Engineer: 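Following this message is one structure expressed as structure tokens.
Since the structure is predicted, the reported quantities are computational estimates derived from the model, not experimental observations.
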Amino acid sequence: MPAPTDANDSTVRAAGMLLVCREPSTKFLLLRHPKRWDLPKGHCEEGESYLEAAMRETEEETGIPPVSIAIDEDFLFEMKYPVTYRSTGARVFNKVVRYYLGYLESIPALTLTEHDGFAWFDWNPPHAIQTQTIDPLLAAIQEHWQL
């Protein structure tokens, strides 16, 4: 779903997940697009909560089932920014993306469907991976863990 179908609605909702495995050392998963690192993320479907969308997108893009992920209920990272879509011309939408923090017991085998590759990165802040989304998200997680 690239844009809202309701002509009066100017908000696009999306959700994603940062997956972390803490054993034997803390690592986090990033997915590879041709030109950047990314997270499992996608648009919310009609009637779907942000968390439901994050879990669905994570499973679709990595093959990791929701039952394997323990959500940190005390963490939520939200970004808001304007977007345009080719299908709607010059119309500007307000995009709201919520990122969740999910823990895994162990590093699983992945089945990628939308990315060229992946890597498990060592937790070693401060991180300098991607300034628009990933670095601020990782900084927020580091702050959350220090509480």
Engineer: Quick one: pull up CD1 in Ile69 and CG in Leu104 and give me the separation to the nearest 0.5 Å.
Structural biologist: 6.0 Å
Engineer: For the atom pair CD1 (Ile64) and CG (Leu19), what is the distance rounded to the nearest 0.5 Å?
Structural biologist: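 The distance works out to 5.0 Å.
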Engineer: Using side chain to side chain contact (heavy atoms under 4.5 Å, CB included), reason through Leu30 and Leu39 one step at a time and then give a plain yes or no.
Structural biologist: CA-CA 6 Å; Leu30 293 180; Leu39 298 160; 3.5 Å; yes
Engineer: If hydrophobic clusters are built from ILVMFWY residues whose side chains come within less than 4.5 Å, do Leu101 and Trp123 share one?
Structural biologist: yes
Engineer: What's the separation between atom CD in Glu73 and atom OH in Tyr100, rounded to the nearest 0.5 Å?
Structural biologist: 11.0 Å
Engineer: Treating Ile, Leu, Val, Met, Phe, Trp and Tyr as nodes and any side-chain heavy-atom pair under 4.5 angstrom as an edge, say whether Leu112 and Met55 lie in one connected cluster.
Structural biologist: yes
Engineer: Testing the basics here: between Glu57 and Lys41, what is the closest heavy-atom pair and its distance to 0.1 Å?
Structural biologist: OE1-O, 3.5 Å
Engineer: Kindly compute the distance separating CH2 (Trp120) from OG1 (Thr26), expressed to the nearest 0.5 Å.
Structural biologist: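 Separation between the atoms: 11.5 Å.
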Engineer: Distance from Phe93 atom CZ to Tyr81 atom OH, nearest 0.5 Å?
Structural biologist: 14.0 Å
Engineer: If I compare all heavy atoms of Gly16 with all of Ala54, which pair ends up nearest, and what's the gap?
Structural biologist: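 It is O-CB, 3.6 Å.
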Engineer: Walk me through it: do Met79 and Phe77 pass the test side chain to side chain contact (heavy atoms under 4.5 Å, CB included)?
Structural biologist: CA-CA 7 Å; Met79 297 183 73; Phe77 184 79; 3.5 Å; yes
Engineer: Between His127 and Phe28, what is the ring plane arrangement, given parallel below 30°, perpendicular above 60°, and tilted in between?
Structural biologist: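 Plane angle over 60°, so perpendicular.
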Engineer: Going by the rule salt bridge (charged side-chain N to carboxylate O under 4.0 Å, His left out), which residues pair with Arg98 if we only count those two or more places apart in sequence or in a different chain?
Structural biologist: Glu78
Engineer: Would you mind writing out the side-chain donor-acceptor pairs for residues 129-139 within the sub-3.5 Å range, not counting sequence neighbours?
Structural biologist:
{"from": "Gln130", "atom 1": "OE1", "to": "Gln132", "atom 2": "N", "distance (Å)": "3.4"}
{"from": "Gln130", "atom 1": "OE1", "to": "Thr133", "atom 2": "N", "distance (Å)": "2.7"}
{"from": "Gln130", "atom 1": "OE1", "to": "Ile134", "atom 2": "N", "distance (Å)": "2.9"}
{"from": "Asp135", "atom 1": "OD1", "to": "Ile129", "atom 2": "N", "distance (Å)": "2.7"}
{"from": "Asp135", "atom 1": "OD1", "to": "Gln130", "atom 2": "N", "distance (Å)": "3.1"}
{"from": "Asp135", "atom 1": "OD2", "to": "Ile129", "atom 2": "N", "distance (Å)": "3.3"}

Engineer: Which distance, rounded to the nearest 0.5 Å, do you find between the CD of Glu114 and the NE2 of His33?
Structural biologist: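 These two atoms lie 7.5 Å from each other.
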Engineer: Could you pull out the closest heavy-atom pair between Glu52 and Ser49, with the gap in Å?
Structural biologist: OE1-N, 2.8 Å
Engineer: Closest approach of Val92 and Pro82, non-hydrogen atoms and distance?
Structural biologist: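 Smallest interatomic distance, heavy atoms only, reads CG1-CB, 3.7 Å.
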Engineer: Grab the two heavy atoms, one from Met17 and one from Tyr99, that are nearest each other, plus how far apart they are.
Structural biologist: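 Looking at all heavy atoms of both residues, the shortest contact is N-CD2, 4.2 Å.
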Engineer: Taking the six-membered ring of Tyr85 as reference, does the NZ or CZ atom of Arg91 fall below 6.0 Å from its centre and within a 45° cone about the axis?
Structural biologist: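 Cation-pi check for Arg91 and Tyr85: fails.
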Engineer: Cluster question for you: counting only ILVMFWY and a side-chain heavy-atom cut-off of under 4.5 Å, with indirect links fine, are Leu76 and Val97 together?
Structural biologist: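 No, separate clusters.
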Engineer: How about Pro66 and Glu59: do any of their side-chain heavy atoms sit closer than 4.5 Å?
Structural biologist: yes
Engineer: Report the C-alpha separation of Glu60 and Arg56 in whole Å, then their side-chain angles, then the decisive distance to 0.1 Å, and conclude whether the salt bridge (charged side-chain N to carboxylate O under 4.0 Å, His left out) test is met.
Structural biologist: CA-CA 6 Å; Glu60 287 176 4; Arg56 176 184 50 76; 3.3 Å; yes
Engineer: Are His43 and Glu48 side-chain neighbours, meaning at least one heavy-atom pair lies under 4.5 Å?
Structural biologist: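 No, every pair of side-chain atoms sits at 4.5 Å or beyond.
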Engineer: Run the side chain to side chain contact (heavy atoms under 4.5 Å, CB included) test on Leu29 and Leu110 for me, step by step, so that the C-alpha distance in whole Å, both residues' side-chain angles and the decisive distance to 0.1 Å come before the verdict.
Structural biologist: CA-CA 10 Å; Leu29 176 66; Leu110 300 183; 3.7 Å; yes
Engineer: Is there a continuous path of hydrophobic side-chain contacts, each under 4.5 Å between heavy atoms, that joins Leu18 to Phe121?
Structural biologist: yes
Engineer: One pair to check against side chain to side chain contact (heavy atoms under 4.5 Å, CB included): Asn94 and Lys80. What are the steps and the verdict?
Structural biologist: CA-CA 7 Å; Asn94 301 310; Lys80 297 178 182 180; over 6 Å; no
